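Here is the structure we will look at.
From a predicted model like this one, the values you see are computed outputs, not experimental measurements. We're numbering straight along the sequence, starting at 1.
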Amino acid sequence: MLRNQTNWKPALAIAGVFIGCCSNVVFLELLVKSDPGSGNLITLSQFLFIALEGFIFTSNFGTKKPRIGLKQYSILVLMFFVTSVCNNYAFDFNIPMPLHMIFRAGSLIANMIMGIIILKKRYIASKYISVLMISLGIVICTIISGSNVQSTATTPIEDNLEESQFSVFFWWTIGILLLTAALFISAYMGIYQEMLYKRFGKHPYEALYYTHLLPIPAFLLMYKNIWSHTLIMAASEPIEVPILSNIGINVKVPITAIYLLCNVVSQYVCISSVYVLTTECASLTVTLIVTLRKFVSLLFSILYFKNSFTLLHYVGTGLVFIGTIIFTELIPQVVSQFKPVKEKKKLN
């Protein structure tokens, strides 16, 4: 009976990952296309919403003490904050959304490297082959995207064409370095989080709350950037809010503000579902679900937003996701499920 009662948790978490994360990417791309430099504003809005929800429902208005020490959370938060800022800042350095998603799919490589260096892990041959496939896929997509880099600046460049192309490519390189840094910091963060869970137990909603609450003061360092993009958002095209207009209340709101609200809510659904999934499912299942989600988001981004995607992009993407499936050992897992059935047939 107890087992049947808990079966809905993984199912809801998986649904939350696909619905929340995929819709979040859509609203993120709408925001980035409207204002490429709005990454810090988006991140702050997400942190404020999740921290407020956690303050009310997780910490009971600050009356409930954390199970994991604030010192440990502070280290985790620092890495989480730097990763989030680097990933969002990358959009301001001529990084297109498809490349951004493909590049972040290389988290398995970073995890393997950090595991070898820090935890002294050793892997079977299939793991190294899959990592090579993923690395090659990312390199192909990065080089092809880099050969046709376009500026994401909101104002035209006044210099001559040759200088403009050099400038665009230079800032694109900075964006790639930011994504690389975020990739390895995120990998170490995963290792550190795993160590905390082994020591203190798994507390997904508490971790979600504190990793979003503690970094908020750091956004004061970027207040000028956040304020300037808040003004850009406020100046965007106003539209009537559909829900309010249906009941006779005609209120106009900047369209990017609606995108931001949808992005924040979907981000909460996405990340809270991932946190719950890590405590309800095996790591193989979590990795596979998150990878499939990235693949669905990527395809939707290409088809819906008509992003440039060549044959080599598809080759690179295929290598990334096939390599990921090999890394998670999905095929041996599936094959092993049929072995007992065959043995039973032979006995009969």
Looking only at atom types and distance, does a side-chain atom of Thr256 sit under 3.5 Å from a main-chain N or O of Met233, one as donor and one as acceptor? yes

Once rounded to the nearest 0.5 Å, what's the spacing between atom CG of Leu319 and atom CD1 of Ile326? 9.5 Å

First locate atom NZ of Lys65, then atom CG of Asn60, and finally report the distance between them rounded to the nearest 0.5 Å. 14.0 Å

Could you report the tightest heavy-atom contact between Phe55 and Gly62, atom names first, then the distance? CE1-N, 3.5 Å

With a 3.5 Å distance limit and no angle check, can you tell me whether Ser23 reaches the backbone of Gly20 through a side-chain donor-acceptor pair? yes

More than 12 non-hydrogen atoms from neighbouring residues, nucleotides or ligands closer than 6.0 Å to OH on Tyr223, yes or no? no

Looking only at non-hydrogen atoms, find the nearest pair between Lys64 and Tyr210 and report the distance. O-OH, 4.2 Å

Among residues at least two apart in sequence or on other chains, which ones pass side-chain hydrogen bond (donor to acceptor under 3.5 Å, both in side chains) with Ser186? none

Taking every non-hydrogen atom, the tightest pair across Gly16 and Ser273: CA-OG, 3.3 Å

Do Ile50 and Tyr209 pass the side chain to side chain contact (heavy atoms under 4.5 Å, CB included) test, and can you show the C-alpha distance, the side-chain angles, and the key distance before you say yes or no? CA-CA 7 Å; Ile50 295 173; Tyr209 169 54; over 6 Å; no

Are Tyr197 and Tyr192 close enough that their ring centres sit under 6.0 Å apart? no

Is Leu132 reachable from Leu312 through a run of I, L, V, M, F, W or Y residues, each pair having side-chain heavy atoms under 4.5 Å apart? no

Which pair of heavy atoms, one from Phe219 and one from Asn40, lies closest together, and at what distance? CE2-O, 3.9 Å

Without hydrogens or angle criteria, can the side chains of Glu206 and Tyr73 be said to hold a donor-acceptor pair below 3.5 Å? yes

Would you kindly confirm whether Phe61 and Phe49 end up in one hydrophobic cluster when ILVMFWY residues are joined by side chain heavy atoms under 4.5 Å apart? yes

Are Tyr259 and Leu48 linked, directly or through other ILVMFWY residues, by side chains that come within less than 4.5 angstrom of each other? yes

Between CD1 on residue Ile226 and CG on residue Leu44, distance to nearest 0.5 Å: 4.5 Å

Check whether Ile19 and Val269 end up in the same hydrophobic cluster, where Ile, Leu, Val, Met, Phe, Trp and Tyr are linked by side-chain heavy atoms less than 4.5 Å apart. no

Least distance between heavy atoms, Asn225 atom then Gly37 atom: OD1-O, 4.0 Å

Kindly determine whether Phe27 and Gln267 satisfy side chain to side chain contact (heavy atoms under 4.5 Å, CB included), including the steps that lead there. CA-CA 10 Å; Phe27 292 113; Gln267 172 67 9; over 6 Å; no

Rounding to 0.5 Å, atoms OG (Ser38) and CD1 (Ile232) come to a distance of 8.5 Å

Between atom CG of Leu70 and atom CG of Leu214, what is the distance when rounded to the nearest 0.5 Å? 6.5 Å

Mind checking whether Phe80 and Phe47 have parallel, tilted or perpendicular rings, split at 30° and 60°? parallel

Sequence neighbours excluded, which residues qualify as disulfide bond (SG atoms under 2.5 Å apart) partners of Cys21? Cys270

Which heavy atom of Val264 sits nearest to which heavy atom of Gln46, and what is that distance? CG2-N, 3.9 Å

Do Tyr268 and Glu53 get their side chains close enough for a donor-acceptor pair, meaning under 3.5 Å? yes

Taking the side chain as every heavy atom from C-beta outward, state whether Val251 and Val253 have any pair of such atoms under 4.5 Å apart. yes

Val25 side chain near Arg293 side chain, heavy-atom distance below 4.5 Å: yes

Measuring from atom SG of Cys86 to atom CG of Leu179, what distance do you get when rounded to the nearest 0.5 angstrom? 8.5 Å

Out of curiosity, does Ile56 fall in the hydrophobic cluster containing Ile271 (side-chain heavy atoms, cut-off under 4.5 Å, transitive links)? yes

